[in-house]
There are 2 protein chains.
Amino acid sequence: MFETIQALADSTRFEILQMVRHNEMSAGEIAGHFKGITRPAVSQHLGILKKSGLLTQRREGTRRIYSIRPEGFAELRTFLEDFWDPRLIKLKAAAEKSQKKLRRKK
Amino acid sequence: MFETIQALADSTRFEILQMVRHNEMSAGEIAGHFKGITRPAVSQHLGILKKSGLLTQRREGTRRIYSIRPEGFAELRTFLEDFWDPRLIKLKAAAEKSQKKLRRKK
DNA sequence: CACTAACGTAAGTTTATACTAACATATAGT
DNA sequence: ACTATATGTTAGTATAAACTTACGTTAGTG
(Lines give C-alpha, C1' and ligand atoms only; values in the text may rest on other atoms or scores of the structure.)
Protein backbone atom coordinates (compact mmCIF):
# COMPACT_ATOMS: atom_id res chain seq x y z
CA MET A 1 0.00 0.00 0.00
CA PHE A 2 2.70 2.38 1.01
CA GLU A 3 4.61 1.14 -2.02
CA THR A 4 1.73 2.32 -4.19
CA ILE A 5 1.79 5.77 -2.64
CA GLN A 6 5.51 6.06 -3.17
CA ALA A 7 5.10 4.98 -6.79
CA LEU A 8 2.62 7.81 -7.30
CA ALA A 9 4.85 10.38 -5.65
CA ASP A 10 7.16 11.04 -8.55
CA SER A 11 6.30 13.62 -11.19
CA THR A 12 7.49 11.50 -14.11
CA ARG A 13 5.53 8.46 -12.97
CA PHE A 14 2.55 10.66 -12.31
CA GLU A 15 2.70 11.89 -15.89
CA ILE A 16 3.03 8.37 -17.21
CA LEU A 17 -0.16 7.40 -15.44
CA GLN A 18 -1.94 10.39 -16.91
CA MET A 19 -0.78 9.31 -20.34
CA VAL A 20 -1.93 5.71 -20.20
CA ARG A 21 -5.02 6.59 -18.23
CA HIS A 22 -7.30 6.29 -21.23
CA ASN A 23 -5.29 4.53 -23.89
CA GLU A 24 -2.72 1.86 -23.35
CA MET A 25 0.70 2.64 -24.75
CA SER A 26 3.96 0.93 -25.56
CA ALA A 27 7.12 1.64 -23.60
CA GLY A 28 8.58 3.44 -26.58
CA GLU A 29 5.56 5.64 -27.12
CA ILE A 30 5.62 6.64 -23.46
CA ALA A 31 9.32 7.38 -23.48
CA GLY A 32 8.87 9.41 -26.66
CA HIS A 33 6.73 11.93 -24.82
CA PHE A 34 9.52 12.82 -22.44
CA LYS A 35 12.22 15.19 -23.54
CA GLY A 36 15.14 15.74 -21.23
CA ILE A 37 14.90 12.23 -19.91
CA THR A 38 16.26 9.07 -21.47
CA ARG A 39 14.38 5.93 -22.43
CA PRO A 40 16.04 3.71 -19.83
CA ALA A 41 14.95 6.10 -17.10
CA VAL A 42 11.37 5.83 -18.28
CA SER A 43 11.73 2.08 -18.46
CA GLN A 44 12.75 2.01 -14.81
CA HIS A 45 9.76 4.11 -13.86
CA LEU A 46 7.52 1.70 -15.72
CA GLY A 47 9.05 -1.12 -13.71
CA ILE A 48 8.27 0.65 -10.46
CA LEU A 49 4.70 1.39 -11.52
CA LYS A 50 4.22 -2.21 -12.52
CA LYS A 51 5.68 -3.52 -9.28
CA SER A 52 3.46 -1.20 -7.26
CA GLY A 53 0.37 -2.55 -8.97
CA LEU A 54 -0.69 0.62 -10.76
CA LEU A 55 0.20 -0.64 -14.23
CA THR A 56 0.00 -3.93 -16.05
CA GLN A 57 2.08 -5.01 -18.98
CA ARG A 58 1.49 -7.33 -21.86
CA ARG A 59 3.76 -8.27 -24.69
CA GLU A 60 2.94 -7.71 -28.31
CA GLY A 61 5.72 -8.91 -30.49
CA THR A 62 8.81 -7.04 -29.53
CA ARG A 63 6.86 -4.32 -27.80
CA ARG A 64 5.51 -4.08 -24.28
CA ILE A 65 2.14 -2.48 -23.86
CA TYR A 66 1.36 -0.79 -20.58
CA SER A 67 -2.09 -0.05 -19.27
CA ILE A 68 -3.68 1.11 -16.04
CA ARG A 69 -4.41 -1.53 -13.46
CA PRO A 70 -7.73 -0.43 -11.94
CA GLU A 71 -7.38 -2.69 -8.91
CA GLY A 72 -4.31 -0.74 -7.84
CA PHE A 73 -6.24 2.51 -7.76
CA ALA A 74 -9.21 0.87 -6.13
CA GLU A 75 -7.05 -0.43 -3.29
CA LEU A 76 -5.62 3.01 -2.74
CA ARG A 77 -9.07 4.58 -2.68
CA THR A 78 -10.30 2.02 -0.19
CA PHE A 79 -7.34 2.66 2.02
CA LEU A 80 -7.97 6.39 2.05
CA GLU A 81 -11.64 5.86 2.77
CA ASP A 82 -10.82 3.68 5.73
CA PHE A 83 -7.96 5.82 6.90
CA TRP A 84 -10.00 8.71 8.03
CA ASP A 85 -13.43 7.45 8.90
CA PRO A 86 -16.03 10.17 8.16
CA ARG A 87 -17.93 9.13 11.26
CA LEU A 88 -15.14 10.64 13.30
CA ILE A 89 -15.75 14.02 11.68
CA LYS A 90 -19.20 14.10 13.20
CA LEU A 91 -17.87 13.23 16.64
CA LYS A 92 -15.30 15.97 16.43
CA ALA A 93 -17.78 18.55 15.25
CA ALA A 94 -20.05 17.70 18.13
CA ALA A 95 -17.20 18.03 20.60
CA GLU A 96 -16.24 21.46 19.27
CA LYS A 97 -19.81 22.65 19.47
CA SER A 98 -20.10 21.75 23.14
CA GLN A 99 -16.76 23.41 23.83
CA LYS A 100 -17.94 26.67 22.33
CA LYS A 101 -21.00 26.54 24.52
CA LEU A 102 -18.86 26.12 27.60
CA ARG A 103 -16.66 29.04 26.64
CA ARG A 104 -19.63 31.32 26.15
CA LYS A 105 -20.89 30.54 29.66
CA LYS A 106 -17.67 31.81 31.24
CA MET B 1 -2.76 17.67 -5.16
CA PHE B 2 0.56 16.22 -6.15
CA GLU B 3 1.98 18.00 -3.12
CA THR B 4 -0.43 16.01 -0.97
CA ILE B 5 0.68 12.73 -2.49
CA GLN B 6 4.30 13.60 -1.94
CA ALA B 7 3.56 14.50 1.66
CA LEU B 8 2.06 11.06 2.18
CA ALA B 9 4.96 9.27 0.56
CA ASP B 10 7.35 9.37 3.48
CA SER B 11 7.30 6.68 6.13
CA THR B 12 7.76 9.07 9.04
CA ARG B 13 4.98 11.35 7.88
CA PHE B 14 2.82 8.35 7.21
CA GLU B 15 3.32 7.24 10.81
CA ILE B 16 2.55 10.71 12.09
CA LEU B 17 -0.77 10.65 10.32
CA GLN B 18 -1.58 7.26 11.80
CA MET B 19 -0.82 8.69 15.24
CA VAL B 20 -2.99 11.77 15.04
CA ARG B 21 -5.66 10.00 13.08
CA HIS B 22 -7.92 9.57 16.07
CA ASN B 23 -6.58 11.92 18.72
CA GLU B 24 -4.94 15.24 18.14
CA MET B 25 -1.44 15.54 19.58
CA SER B 26 1.13 18.18 20.39
CA ALA B 27 4.37 18.43 18.43
CA GLY B 28 6.28 17.20 21.47
CA GLU B 29 4.09 14.18 21.98
CA ILE B 30 4.46 13.21 18.35
CA ALA B 31 8.23 13.63 18.38
CA GLY B 32 8.38 11.59 21.59
CA HIS B 33 7.11 8.53 19.77
CA PHE B 34 10.06 8.51 17.39
CA LYS B 35 13.36 7.08 18.54
CA GLY B 36 16.30 7.41 16.22
CA ILE B 37 15.00 10.69 14.88
CA THR B 38 15.31 14.13 16.41
CA ARG B 39 12.56 16.56 17.33
CA PRO B 40 13.49 19.17 14.71
CA ALA B 41 13.23 16.53 12.00
CA VAL B 42 9.72 15.68 13.16
CA SER B 43 8.91 19.37 13.30
CA GLN B 44 9.91 19.72 9.66
CA HIS B 45 7.70 16.81 8.72
CA LEU B 46 4.82 18.44 10.55
CA GLY B 47 5.43 21.56 8.53
CA ILE B 48 5.24 19.62 5.29
CA LEU B 49 2.07 17.83 6.34
CA LYS B 50 0.51 21.13 7.31
CA LYS B 51 1.52 22.82 4.07
CA SER B 52 0.12 19.91 2.07
CA GLY B 53 -3.25 20.27 3.76
CA LEU B 54 -3.30 16.93 5.56
CA LEU B 55 -2.85 18.43 9.03
CA THR B 56 -4.06 21.53 10.80
CA GLN B 57 -2.41 23.21 13.71
CA ARG B 58 -3.68 25.27 16.57
CA ARG B 59 -1.80 26.90 19.41
CA GLU B 60 -2.46 26.17 23.01
CA GLY B 61 -0.15 28.23 25.15
CA THR B 62 3.37 27.29 24.27
CA ARG B 63 2.32 24.10 22.56
CA ARG B 64 1.12 23.41 19.05
CA ILE B 65 -1.59 20.87 18.63
CA TYR B 66 -1.82 18.98 15.37
CA SER B 67 -4.86 17.21 14.06
CA ILE B 68 -6.01 15.61 10.84
CA ARG B 69 -7.53 17.88 8.22
CA PRO B 70 -10.35 15.81 6.72
CA GLU B 71 -10.68 18.05 3.67
CA GLY B 72 -7.15 17.12 2.64
CA PHE B 73 -7.99 13.44 2.57
CA ALA B 74 -11.32 14.11 0.91
CA GLU B 75 -9.62 15.98 -1.92
CA LEU B 76 -7.22 13.14 -2.44
CA ARG B 77 -10.03 10.60 -2.50
CA THR B 78 -11.95 12.67 -5.02
CA PHE B 79 -8.92 12.94 -7.20
CA LEU B 80 -8.40 9.19 -7.23
CA GLU B 81 -12.06 8.60 -7.98
CA ASP B 82 -11.89 10.95 -10.94
CA PHE B 83 -8.51 9.78 -12.09
CA TRP B 84 -9.61 6.40 -13.18
CA ASP B 85 -13.27 6.71 -13.93
CA PRO B 86 -15.08 3.48 -13.00
CA ARG B 87 -17.28 3.93 -16.07
CA LEU B 88 -14.25 3.17 -18.17
CA ILE B 89 -13.92 -0.17 -16.45
CA LYS B 90 -17.35 -1.11 -17.66
CA LEU B 91 -16.57 -0.02 -21.18
CA LYS B 92 -13.41 -2.04 -21.18
CA ALA B 93 -15.13 -5.09 -19.74
CA ALA B 94 -17.81 -4.84 -22.40
CA ALA B 95 -15.20 -4.57 -25.12
CA GLU B 96 -13.41 -7.66 -23.88
CA LYS B 97 -16.62 -9.60 -23.70
CA SER B 98 -17.52 -8.85 -27.30
CA GLN B 99 -13.99 -9.76 -28.35
CA LYS B 100 -14.34 -13.17 -26.73
CA LYS B 101 -17.61 -13.70 -28.55
CA LEU B 102 -15.97 -12.86 -31.83
CA ARG B 103 -13.15 -15.25 -31.15
CA ARG B 104 -15.55 -18.07 -30.34
CA LYS B 105 -17.38 -17.59 -33.61
CA LYS B 106 -14.18 -18.12 -35.59
C1' DC C 1 13.19 40.66 34.18
C1' DA C 2 15.43 36.29 34.22
C1' DC C 3 14.47 31.54 33.36
C1' DT C 4 12.29 27.49 31.48
C1' DA C 5 9.43 24.82 28.31
C1' DA C 6 7.86 23.86 23.84
C1' DC C 7 8.44 24.88 19.73
C1' DG C 8 10.12 26.40 14.75
C1' DT C 9 14.05 27.68 11.47
C1' DA C 10 18.46 27.66 8.93
C1' DA C 11 22.82 25.81 7.31
C1' DG C 12 25.30 22.06 6.37
C1' DT C 13 25.71 16.85 6.02
C1' DT C 14 24.09 12.30 4.99
C1' DT C 15 21.19 9.19 2.62
C1' DA C 16 17.88 7.86 -0.80
C1' DT C 17 16.30 8.28 -5.39
C1' DA C 18 16.37 9.39 -10.14
C1' DC C 19 19.27 9.53 -14.05
C1' DT C 20 22.82 8.30 -17.69
C1' DA C 21 25.81 5.37 -20.44
C1' DA C 22 26.96 0.98 -21.74
C1' DC C 23 25.47 -3.58 -22.16
C1' DA C 24 22.11 -7.60 -22.50
C1' DT C 25 17.88 -9.88 -24.34
C1' DA C 26 14.16 -11.13 -27.17
C1' DT C 27 11.29 -10.97 -31.28
C1' DA C 28 10.57 -10.25 -36.29
C1' DG C 29 12.05 -9.91 -40.81
C1' DT C 30 15.55 -11.04 -44.85
C1' DA D 1 22.05 -17.11 -39.44
C1' DC D 2 22.25 -12.16 -39.54
C1' DT D 3 20.35 -7.67 -38.71
C1' DA D 4 17.17 -4.34 -36.91
C1' DT D 5 13.83 -2.94 -33.57
C1' DA D 6 12.07 -2.52 -29.09
C1' DT D 7 12.98 -3.00 -24.75
C1' DG D 8 15.01 -4.30 -19.96
C1' DT D 9 19.18 -4.31 -16.79
C1' DT D 10 23.34 -2.84 -14.36
C1' DA D 11 26.87 0.10 -12.38
C1' DG D 12 28.10 4.34 -11.41
C1' DT D 13 26.89 9.47 -10.94
C1' DA D 14 24.08 13.41 -9.94
C1' DT D 15 20.31 15.43 -7.61
C1' DA D 16 16.78 15.80 -4.24
C1' DA D 17 15.09 14.86 0.20
C1' DA D 18 15.59 13.84 5.03
C1' DC D 19 18.35 14.48 8.98
C1' DT D 20 21.40 16.79 12.66
C1' DT D 21 23.31 20.58 15.15
C1' DA D 22 23.02 25.07 16.58
C1' DC D 23 20.23 28.98 17.04
C1' DG D 24 15.89 31.89 17.33
C1' DT D 25 11.13 32.70 19.10
C1' DT D 26 7.11 32.84 21.95
C1' DA D 27 4.34 31.95 26.02
C1' DG D 28 4.23 30.90 30.72
C1' DT D 29 6.50 31.24 35.80
C1' DG D 30 8.97 33.04 39.89
Side-chain angles (χ1 to χ4, degrees), chain A residues 1-20 23-69 72 76 103 106, chain B residues 1-20 23-69 72 76:
Chain A
M1 169 48 46
F2 187 62
E3 197 184 0
T4 308
I5 297 173
Q6 280 187 307
L8 259 178
D10 174 88
S11 58
T12 303
R13 292 195 287 269
F14 201 69
E15 269 191 69
I16 292 175
L17 291 171
Q18 310 261 16
M19 289 170 60
V20 301
N23 314 308
E24 57 183 19
M25 291 173 75
S26 72
E29 281 179 294
I30 296 168
H33 281 71
F34 290 97
K35 45 184 179 184
I37 188 179
T38 60
R39 192 192 50 75
V42 174
S43 178
Q44 285 168 1
H45 284 304
L46 289 171
I48 291 170
L49 287 169
K50 188 186 163 195
K51 195 185 167 199
S52 77
L54 292 173
L55 283 188
T56 46
Q57 181 213 59
R58 77 165 196 277
R59 295 186 162 192
E60 201 161 275
T62 167
R63 307 199 300 191
R64 281 122 202 249
I65 314 291
Y66 289 89
S67 51
I68 287 280
R69 182 170 169 273
L76 191 52
R103 244 176 268 151
K106 270 189 192 173
Chain B
M1 169 48 49
F2 187 61
E3 197 183 0
T4 308
I5 296 173
Q6 280 187 308
L8 260 178
D10 173 89
S11 57
T12 303
R13 291 195 288 268
F14 200 70
E15 268 192 69
I16 292 175
L17 291 171
Q18 310 262 14
M19 290 170 60
V20 302
N23 315 307
E24 57 182 20
M25 291 172 74
S26 71
E29 282 180 293
I30 295 167
H33 281 72
F34 290 96
K35 47 184 179 184
I37 189 180
T38 60
R39 190 192 52 71
V42 174
S43 178
Q44 285 169 2
H45 283 303
L46 289 171
I48 292 169
L49 286 169
K50 187 185 162 196
K51 195 184 168 199
S52 77
L54 291 173
L55 284 187
T56 46
Q57 181 213 59
R58 76 165 196 278
R59 294 187 161 190
E60 199 160 276
T62 168
R63 307 200 300 194
R64 282 126 202 244
I65 313 292
Y66 288 90
S67 50
I68 287 280
R69 182 168 168 275
L76 191 52

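By convention in this document, chain letters (A, B, ...) are assigned in the order of the sequence lines, proteins followed by strands, and residues within each chain are numbered from 1.
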Inset, instruction - Under 4.0 Å between any heavy atoms, over every strand shown, what does A:G36 touch: base, sugar-phosphate, or nothing? Just pick one. - result: sugar-phosphate

Inset, instruction - Could you say whether A:R13 or A:R39 is positioned toward the 5' end of DNA chain C, judged by the nucleotide with the nearest heavy atom to each? - result: A:R13

Legend entry - Residues from residues 43-52 of chain A lying under 4.0 Å of DNA chain C - heavy atoms: A:Q44, A:H45

Legend entry - N/O (side chain, B:S26) to phosphate O (OP1/OP2, C:dC7) under 4.0 Å: yes

Legend entry - Nearest-nucleotide 5' precedence on DNA chain C, B:E29 against A:T38: B:E29

Inset, instruction - Would you please test A:M19 and A:F34 for side chain to side chain contact (heavy atoms under 4.5 Å, CB included) and show each step? - result: CA-CA 11 Å; A:M19 289 170 60; A:F34 290 97; 4.0 Å; yes

Legend entry - Among B:Q6, B:H45, B:Q18, B:Q44, side-chain hydrogen bond (donor to acceptor under 3.5 Å, both in side chains) partner for B:R13: B:H45

Legend entry - B:I48 side chain near B:L54 side chain, heavy-atom distance below 4.5 Å: no

Inset, instruction - Report which part of the nucleic acid A:A27 touches: base, sugar-phosphate, or nothing (heavy-atom distance under 4.0 Å, all strands). - result: sugar-phosphate

Inset, instruction - Could you check if a side-chain atom of B:Q57 sits within less than 4.5 angstrom of a side-chain atom of B:I65, using non-hydrogen atoms only? - result: no

Legend entry - For B:F2, ring pair (Phe, Tyr, Trp, His ring centres under 6.0 Å) partners two or more places apart: A:F14

Inset, instruction - Apply the test side chain to side chain contact (heavy atoms under 4.5 Å, CB included) to residues A:H33 and A:M25: give CA-CA distance (whole Å), side-chain angles for both, the deciding distance (0.1 Å), then the verdict. - result: CA-CA 11 Å; A:H33 281 71; A:M25 291 173 75; 3.8 Å; yes

Legend entry - Residues within residues 58-66 of chain A bordering DNA chain D, heavy-atom distance below 4.0 Å: A:T62, A:R63, A:R64, A:Y66

Inset, instruction - Starting at atom CD of B:Q6, determine the distance to atom C1' of C:dA18, rounded to an integer number of angstrom. - result: 13 Å

